[in-house]
Amino acid sequence: MTRDGLVLAIETSCDDTCAAVISRDGEIRSNVISSQEVHGRFGGVVPEIASRHHLELLDPVLDRAFADAGATLGDIGLIAATRGPGLVAALLVGFNAGKALAASRELPFAAVDHLHGHVAASYLAPARLQPPFLSLIASGGHTLLAEVSEPGPDGMRVLGETLDDAAGEAFDKGARLLGLGYPGGPALERLASGGDPEAFAFPTGARMPGLEFSFAGLKTALLYRIRDLGETEAQRRRADLAAAYQRAIVESLMLRVRRALRTTGASRLAVGGGVAANGALRSALAELGVELDVPPPALCTDNAAMIASAARYVPAVAFPGYLDLDVYASGERALGSQ
Ligand code: KG4
Ligand code: ZN
């Protein structure tokens with residue numbers, strides 16, 4: 001164990017109940033993720049149901065995180081939890097549990113921004129990438145490009161965000177139109193693997209200048225294409241539709257990444273968020289020819305190891321100063337913006 005003890009982190013911003021233990025130098029001792037399958041039948045995450053399940057799952061998930069790490073609370077020197085952005089009812093469960101655990105031992109506590117967490121996945125061992133770099137985060141709730149000049153949350157400057165849907169949301173909505181379950185990203189990727197990405201031309205927003213993203217028009221284009229084809233033909237060509245739709249999302253992301261690399265002069269790129277688990281995106285990124293860090297899929301989708309990693313770069317609050325900290329849904333996040 002290192003000098004100041006291990007870092008324990010909790011992440012409950014959406015529908016995954018997560019706890020992890022890492023060392024101060026970023027070595028993962030445990031990383032437990034319990035995904036709530038229950039939301040599938042609603043076609044999306046229901047906040048109150050997510051919150052109730054976090055309450056039920058958090059204790060066993062924490063027990064498992066300690067057991068896997070071969071550690072007890074006595075080995076922990078810092079406790080962290082996701083403060084926002086996310087679903088308030090869901091965030092509250094993990095954030096309050098983290099504060100209570102820290103208070104029980106009078107340990108310091110770190111409140112972590114979820115997006116900072118996605119970036120900090122790149123600081124975990126063994127894949128180490130130190131700033132400065134350009135960061136692309138593409139998840140179910142967020143899609144943004146940021147310039148990262150230092151590992152703390154103040155070192156992140158947002159260059160462009162999505163104006164409407166997030167990239168993961170585009171995958172999920174497209175998947176629903178194609179009759180696939182939730183979450184749609186992995187299912188759509190599987191269907192696309194048997195299709196021709198050139199079969200249909202879907203919009204990528206290439207004429208939109210700047211570094212903002214937009215995916216709402218793409219989803220509508222898929223809806224109209226399915227209608228135009230008619231039920232039987234659309235069914236027969238599902239794999240082609242999925243492949244062309246996936247290609248448009250990937251190209252839309254890649255267009256802005258190339259632009260941002262050009263305008264910032266950055267030579268390194270880190271990618272995070274659930275969509276970074278997508279094979280087509282990973283292949284396109286690999287062809288950019290820049291120094292690239294795409295964490296393994298399990299560290300791209302929501303997890304607590306990335307929150308523990310970020311916590312190392314957030315000023316820790318000493319007991320009892322954190323007891324009245326609250327969560328945030330969006331907006332107030334602690335990151336820089338243009
Ligand atoms: O980062 P994440 O786990 O949760 C949020 O913070 O939103 O991202 C979840 C999103 C979902 O929209 C899911 O469909 C998408 O990431 N996703 C994928 C893949 N795996 C997860 N999208 C495309 N291809 C994948 N293989
Ligand atoms: Zn996320």
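Sequential numbering from 1 along the given sequence is applied to the chain's residues. Computed over heavy atoms, backbone and side chain alike; hydrogens, waters and symmetry mates excluded. Numbering of ligands and ligand atoms starts at 1, following listing order.
Considering only heavy atoms from C-beta on, Ile137 comes within 4.5 Å of Val119 through its side chain. Counting only heavy atoms from C-beta outward, the side chains of Lys219 and Tyr245 approach each other to under 4.5 Å. In this structure the side chain of Thr82 never reaches within 4.5 angstrom of the side chain of Asp113, judged on heavy atoms.
A salt bridge links Glu251 to Arg258: one of the charged nitrogens lies within less than 4.0 Å of a carboxylate oxygen. Using a 4.0 Å cut-off between charged side-chain N and carboxylate O, Arg225 and Asp228 make no salt bridge. Under a 4.0 Å N-O distance rule, the pair Lys173/Asp165 qualifies as a salt bridge.
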One pair to check against side-chain contact (heavy atoms from CB on, under 4.5 Å): Ser122 and Val294. What are the steps and the verdict? CA-CA 8 Å; Ser122 287; Val294 194; over 6 Å; no

- Task: Before giving the answer on side-chain contact (heavy atoms from CB on, under 4.5 Å), spell out for Arg282 and Asn278 the whole-Å C-alpha distance, their side-chain angles and the decisive distance to 0.1 Å.
- Result: CA-CA 6 Å; Arg282 294 171 88 93; Asn278 183 270; 5.9 Å; no

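Atoms of ligand 1 found under 4.0 Å from any heavy atom of Gly168, numbered from 1 in the order shown, are 12 (O). For ligand 1, the atoms closer than 4.0 angstrom to any heavy atom of His118 are 1 (O), 6 (O). Within ligand 1, counting atoms from 1 as listed, the ones closer than 4.0 Å to a heavy atom of Gly141 are 7 (O). Listed by number with element, the atoms of ligand 1 under 4.0 Å from a non-hydrogen atom of His114 are 6 (O). Distances below 4.0 Å separate heavy atoms of Glu189 from the following atoms of ligand 1: 24 (N), 25 (C), 26 (N). Here is the list of ligand 1 atoms found below 4.0 Å of a heavy atom in Thr301: 3 (O).
Using a 4.5 Å cut-off between side-chain heavy atoms of Ile, Leu, Val, Met, Phe, Trp and Tyr, Leu255 forms no hydrophobic cluster with any other residue.
Not counting sequence neighbours, Ala286 has no partner by the side chain to side chain contact (heavy atoms under 4.5 Å, CB included) test. Here Ala102 pairs with Ile79, Leu107, Phe109, Tyr322 under the side chain to side chain contact (heavy atoms under 4.5 Å, CB included) rule; sequence neighbours left out.
Counting protein heavy atoms only, atom 13 (C) of ligand 1 is closest to Asp172 OD1, 3.8 Å. Nearest protein heavy-atom neighbour of atom 24 (N) of ligand 1: Asn278 ND2, 3.0 Å. Protein heavy atom nearest atom 10 (C) of ligand 1, with residue, atom name and distance: Gly140 N, 3.4 Å.
With hydrogens and angles ignored, the 3.5 Å screen pairs a side-chain donor or acceptor of Ser149 with a backbone N or O of Gly155.
Of all the heavy atoms of His142, none lies under 4.0 Å from any atom of ligand 1, so neither backbone nor side chain is involved.
Of the polar atoms of Pro183, none of the N or O atoms is found under 3.5 Å from an N or O of ligand 1, judged by distance alone. Residue Asp302 has at least one N or O atom closer than 3.5 Å to an N or O atom of ligand 1. Note: no N/O pair closer than 3.5 Å links Phe171 and ligand 1 by distance alone.
Of the listed options Gly274, Ala187, Gly185, Pro297, Gly274 places a heavy atom closest to atom 20 (N) of ligand 1.
At a 4.0 Å cut-off, not a single heavy atom of Cys14 sits close enough to ligand 1 to count as contact.
Pro183 pairs in a side-chain contact (heavy atoms from CB on, under 4.5 Å) with only one of the listed residues (Asp172, Leu188, Asp15), which is Asp172.
The tally of protein N/O/S atoms under 2.8 Å from the Zn ion (ligand 2) stands at 3.
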